[in-house]
Amino acid sequence: MSGQSTTRTVPGSGGSGTARSGRTGQVLSNVAVALGLVLFLGGFAWGAVVYVPYTVPTTSMAPTIDAGERVLAERVDGGEVRRGDVVVFRDATWSNAPMVKRVVAVGGDTVSCCEDGKLTVNGKEIDEPYLPDDPMARSAVFPEVTVPKGRLFLLGDERSGSVDSTAHLTDAASGTVARDAVQARVDAVVWPMDGMLAKPAGFQALGPLSTPGPLPSVLAVVVGGAVLVLAGAAYGPLAKRAAASRARRATGSTGGR
């Protein structure tokens, strides 16, 4: 009788603990899936509000951005633009379509090219490691221009083949573009996945640089949400497999007795 009582009590006790553990696990699984969905969808919504995608149609920004590559640009006010930024803008005198160029001078600056093969802004030669290695592609000789207040002077990184401010020097605004023509600031090349643009450190001596947008945080939220959803969804099948394995072991143990 004693042996029979022991045999009934042990499996019953283990079954109750397993059931409680299973219910707790299922609750945590549901919470993980719900939280993951919130983060995943919220991350995409955040990105859609902050960023806008563009496809660059020409090689004027090579090698930073090649023709056909897809970029993500942070929506910014023109007043936030600083030297070295790669921006998306629209100017009716240039083109009817959005264009992507690099801001090399802002209102009040003087800019010219090229002494010692380098762009000069406010008398300082600018180091631009993002330019092509080919010296012919880096050349865009032009006389000194004083940028009017509230306007920007823009160049492509592929200087010899870019239709930029140097192609509009005879315009009334000396090739400059109004700040409010800027629609967004490029943060990263996402197709192919080249990542965040390099910091234009050569302009740092002239003033503060722009702070990159929240793209890394947006991606972290989206990826974190996806991981939680997958982990939560995987709990059910894994828990069933574990329960079946425990049942088989319990059955084998009871049979041995």
Side-chain angles (χ1 to χ4, degrees), residues 54 56-74 76 78 80-89 91 94 98-148 151-169 174-177 179 181-182 184-190 192 194-213 215:
Y54 288 95
V56 178
T58 70
T59 60
S60 68
M61 282 300 296
T64 304
I65 309 170
D66 282 321
E69 292 189 341
R70 194 81 164 167
V71 302
L72 279 182
E74 181 186 8
V76 296
E80 301 174 55
V81 174
R82 294 174 177 171
R83 301 176 192 89
D85 289 347
V86 176
V87 298
V88 180
F89 67 97
D91 187 293
W94 287 37
M99 302 183 72
V100 179
K101 306 292 180 188
R102 187 181 297 273
V103 176
V104 297
V106 299
D109 288 346
T110 57
V111 56
S112 63
C113 190
C114 298
E115 283 189 28
D116 301 326
K118 290 188 176 183
L119 182 76
T120 300
V121 182
N122 297 340
K124 177 177 176 56
E125 293 183 358
I126 307 300
D127 184 29
E128 299 183 279
Y130 42 76
L131 296 183
D133 293 330
D134 182 3
M136 295 300 296
R138 300 165 67 103
S139 62
V141 179
F142 59 92
E144 185 174 273
V145 174
T146 299
V147 183
R151 301 187 71 84
L152 306 168
F153 197 89
L154 305 107
L155 298 177
D157 285 357
E158 204 284 292
R159 301 279 158 87
S160 65
S162 175
V163 180
D164 50 33
S165 287
T166 60
H168 296 271
L169 291 176
S174 301
T176 62
V177 170
R179 277 185 175 273
V182 173
R185 179 175 55 223
V186 177
D187 256 7
V189 177
V190 294
D194 292 342
M196 303 289 286
L197 297 191
K199 184 178 181 180
F203 292 92
Q204 197 156 17
L206 300 174
L209 304 179
S210 293
T211 301
L215 183 57

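When all heavy atoms are compared, the tightest approach of A184 to A73 is CB-CB, 3.5 Å. Looking at every heavy atom in both residues, S112 comes nearest to E144 through CB-CA, 3.6 Å. The nearest pair of heavy atoms linking G78 to V182 is CA-CB, 4.3 Å. Residues P98 and V88 share a closest heavy-atom pair of CB-CG1, 3.9 Å. Taking all atoms of both residues into account, the shortest heavy-atom contact from A181 to V177 is CB-CG1, 3.5 Å. Contact detail for P132 and A62: the closest heavy-atom pair is CG-O, 3.7 Å.
For the side chain to side chain contact (heavy atoms under 4.5 Å, CB included) test, residues two or more places apart in sequence or in another chain that qualify with D194 are E69, V189, P192. With sequence neighbours excluded, no residue forms a side chain to side chain donor-acceptor pair (under 3.5 Å) with T110. Partners of D164 under the salt bridge (charged side-chain N to carboxylate O under 4.0 Å, His left out) rule, at least two apart in sequence or in another chain, do not exist in this structure. With sequence neighbours excluded, the residues forming a salt bridge (charged side-chain N to carboxylate O under 4.0 Å, His left out) with R159 are E128, listed by chain and number. Considering only residues two or more places apart in sequence or on other chains, D109 meets the salt bridge (charged side-chain N to carboxylate O under 4.0 Å, His left out) condition with R83.
The side-chain heavy atoms of V104 and I126, taken from C-beta on, include no pair separated by under 4.5 Å. Side-chain contact between V106 and V81 is absent, with no heavy atoms from C-beta onward closer than 4.5 Å. Looking only at side-chain heavy atoms (C-beta outward), S60 and K101 come within less than 4.5 Å of each other. Using a 4.5 Å cut-off on side-chain heavy atoms (C-beta onward), V186 and V56 make no contact.
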- Query: Between V163 and H168, is a side chain to side chain contact (heavy atoms under 4.5 Å, CB included) present by the stated rule, with each step listed?
  - Reply: CA-CA 8 Å; V163 180; H168 296 271; 4.2 Å; yes

- Message: Apply side chain to side chain contact (heavy atoms under 4.5 Å, CB included) to residues L155 and L119 and explain how you reach the verdict.
- Response: CA-CA 10 Å; L155 298 177; L119 182 76; 3.9 Å; yes

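Atoms CD1 and CD, from I65 and E158 in turn, are 13.5 Å apart once rounded to the nearest 0.5 Å. Interatomic distance, L209 CG to R82 CZ, rounded to the nearest 0.5 Å: 8.0 Å. Annotation: the span from M196 atom CE to L215 atom CG amounts to 5.5 Å, rounded to 0.5 Å. If you take CZ on R151 and CG on D91, they are separated by 7.0 Å, rounding to the nearest 0.5 Å. Note that the OG1 atom of T59 and the CG atom of D66 stand 7.5 Å from one another [nearest 0.5 Å]. From K118, atom NZ reaches atom CG of L131 across 10.5 Å, with rounding to the nearest 0.5 Å.
Legend: ring-ring contact (aromatic ring centres under 6.0 Å, His included) pairs involving residues 99-146, not counting sequence neighbours, sorted by first then second residue: F142-F153.
Using modelled atom types, one side-chain atom of S165 and one backbone atom of G175 make a donor-acceptor pair closer than 3.5 Å. In this structure a side-chain-to-backbone donor-acceptor pair under 3.5 Å is missing from R102 to D157. Of the possible polar contacts, none joining the D85 side chain to the R185 backbone as a donor-acceptor pair under 3.5 Å is found.
In this pair, F89 and W94 present their aromatic rings perpendicular. The plane angle is above 60°, beyond the 30 to 60° band.
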